[in-house]
Novice: 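Pasting a structure here, questions to come.
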Amino acid sequence: MTATIPAPPHGYDDLGRLMSLMTGDEKHGPAATSTLDALWVLYDRVLRVSPGTVDAPGRDRFLLSKGHGPMAYYAVLAARGFFGEELLPGFGAYDSPLGHHPDRLLVPGAEIGSGSLGHGLPLAVGSALGLRAQGLTDPRVWVLTGDAELDEGSNHEAIAFAGPAGLDQLHTVVIDNASATHGRRGGIAARFEAAGWSVRTVDGRDHEALCTAFTAPHPGRPHAVIACVAPKG
């Protein structure tokens, strides 16, 4: 008999309340809220990982590169049952596992420790290469970055490598909230396209558009979704 898997304890409408439980300094609120919808759609509809499969070889890997604003990430993980919401009020406290930057050794479901801008995409490339070397072709690697992170040279190297390498297990979500210092001719999408990536640009608050973009086929190529989130007032 197949065991019944309990439904996650919360839905999208609960995320605002869950985020409100996290108080204190250094919250980086705008950085967090800009990622909220993309994170929810990924964990609710796309990622093949659950609290019971966080160590399974066949799981999808999600890497939060934009780790300096993890409130939305923590709220989504709590909503999906990776840990209890009772941990959220301790956010940033000395003895809390929920630090201002996620720690993969302390946060259930976190694949990497992050927060230093520019590290996530290179790590995701390495993860995809590692899976390929092990013959694990089904798991997908997802990484969420901010647009300003793409100013870092390590990301340019990762983008330039992944396309010709045909890393079709690799997926990048770029939250574009117009915070990058340096503009790119043709926009962010053009940078990925020039390196041979499959690219979609969508409204970063539109759940249906996000889901369609996340699940678009891209045989033989890595995939990037540019999620445009207008800065708020």
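This structure is a prediction, so every number in the text was calculated from the model and none was measured. Values below: all heavy atoms of this structure, side chains included; hydrogens, waters and symmetry mates excluded.
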Novice: About how many Å separate CG of Leu63 and CG of Leu144, when rounded to the nearest 0.5 Å?
Specialist: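 Those atoms lie 10.5 Å apart.
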Novice: Enter the distance from Leu170:CG to Arg221:CZ here, rounded to the nearest 0.5 Å.
Specialist: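 Result: 13.0 Å between the selected atoms.
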Novice: Any salt bridge between Glu208 and Arg45, counting N to O under 4.0 Å?
Specialist: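 Salt bridge flag = yes for Arg45 with Glu208.
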Novice: Examine His207 together with Tyr12 and report whether their ring centres are nearer than 6.0 Å.
Specialist: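 Here the rings of Tyr12 and His207 have centres that are less than 6.0 Å from each other.
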Novice: Say you draw a straight line from SG of Cys228 to CZ of Arg205; how long is it, rounded to the nearest 0.5 Å?
Specialist: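 That separation rounds to 11.5 Å.
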Novice: Measure the acute angle between the ring planes of Phe82 and Tyr43, then classify it against the limits of 30° and 60° as parallel, tilted or perpendicular.
Specialist: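 Phe82 and Tyr43: perpendicular rings.
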Novice: Tell me, do Val225 and Val174 make a side-chain contact under 4.5 Å, heavy atoms counted?
Specialist: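 A side-chain contact under 4.5 Å is absent here.
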Novice: Within the structure provided, determine whether Ser114 and Pro102 are in side-chain contact (heavy-atom separation under 4.5 Å).
Specialist: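 Yes, at least one pair of side-chain atoms sits under 4.5 Å.
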Novice: In terms of hydrophobic clustering (I, L, V, M, F, W, Y; side-chain heavy atoms under 4.5 Å; direct or indirect links), are Met22 and Leu106 co-clustered?
Specialist: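 Cluster IDs for Met22 and Leu106 differ.
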Novice: May I ask you to decide if the ring planes of His171 and Trp142 are parallel, tilted or perpendicular, using 30° and 60° as cut-offs?
Specialist: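 His171 vs Trp142 ring planes: parallel.
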Novice: Would Arg191 pass as a cation-pi partner of Trp197, given that its NZ or CZ must be under 6.0 Å from the six-membered ring centre and within 45 degrees of the axis?
Specialist: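 No, cation not above the ring by the 6.0 Å, 45° rule.
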Novice: How long is the gap from CD1 on Ile159 to OG on Ser154, to the nearest 0.5 Å?
Specialist: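 That separation rounds to 9.5 Å.
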Novice: Hey, could you give me each pair passing salt bridge (charged side-chain N to carboxylate O under 4.0 Å, His left out) that has a residue in residues 10-21? Not counting sequence neighbours.
Specialist: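 Only Arg17-Glu85 qualify under salt bridge (charged side-chain N to carboxylate O under 4.0 Å, His left out).
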Novice: Is the shortest heavy-atom distance from the side chain of Leu98 to the side chain of Phe83 under 4.5 Å?
Specialist: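 When only atoms from C-beta onward are counted, Phe83 and Leu98 do touch, with a gap below 4.5 Å.
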Novice: Atom OG1 of Thr35 and atom CG of Leu42: how far apart are they, to the nearest 0.5 Å?
Specialist: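 Taking OG1 in Thr35 and CG in Leu42, the distance rounds to 10.0 Å.
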Novice: Side-chain contact test, heavy atoms from C-beta onward, threshold under 4.5 Å: evaluate it for Glu152 versus Leu121 and give yes or no.
Specialist: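 No, every pair of side-chain atoms sits at 4.5 Å or beyond.
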Novice: Find out whether Lys66 and Thr145 are in side-chain contact, i.e. whether some heavy atom of one side chain is under 4.5 Å from a heavy atom of the other.
Specialist: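 Counting from C-beta outward, Lys66 and Thr145 never come under 4.5 Å.
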Novice: So, does Asp147 use its side chain to make a donor-acceptor pair with the main chain of Asp176 at under 3.5 Å?
Specialist: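 Absent.
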Novice: Do Thr137 and Gln169 meet the criterion of a side-chain donor-acceptor pair at a distance under 3.5 Å?
Specialist: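 Absent: no donor and acceptor within the cut-off.
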Novice: Checking side chain to side chain contact (heavy atoms under 4.5 Å, CB included) between Leu36 and each of Ile175, Val76, Val229, which is the one that passes?
Specialist: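 The passing option is Val76.
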Novice: Is it the case that the ring center of Phe192 lies less than 6.0 angstrom away from the ring center of His223?
Specialist: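 Ring centres of Phe192 and His223 not closer than 6.0 Å.
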Novice: Donor-acceptor pair, distance only, cut-off 3.5 Å: does the side chain of Asp138 make one with the backbone of Gly58?
Specialist: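 No.
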Novice: I want to check something: taking the side chain as every heavy atom from C-beta on, are Ile188 and Leu150 in contact at a cut-off of under 4.5 Å?
Specialist: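 Ile188 vs Leu150: side chains touch.
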Novice: Working to the nearest 0.5 angstrom, can you tell me the gap between Leu64 CG and His101 NE2?
Specialist: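 The CG atom of Leu64 sits 10.0 Å away from the NE2 atom of His101.
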Novice: Between Arg61 (side chain only) and Arg59 (backbone N and O only), is there a donor and an acceptor less than 3.5 Å apart?
Specialist: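 Answer holds: yes.
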Novice: Do Glu111 and Arg104 have side-chain heavy atoms sitting under 4.5 Å apart?
Specialist: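 A side-chain contact under 4.5 Å is absent here.
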Novice: Using side-chain heavy atoms (C-beta onward) and a distance below 4.5 Å, is Phe91 in contact with His100?
Specialist: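 Yes, close enough: below the 4.5 Å cut-off.
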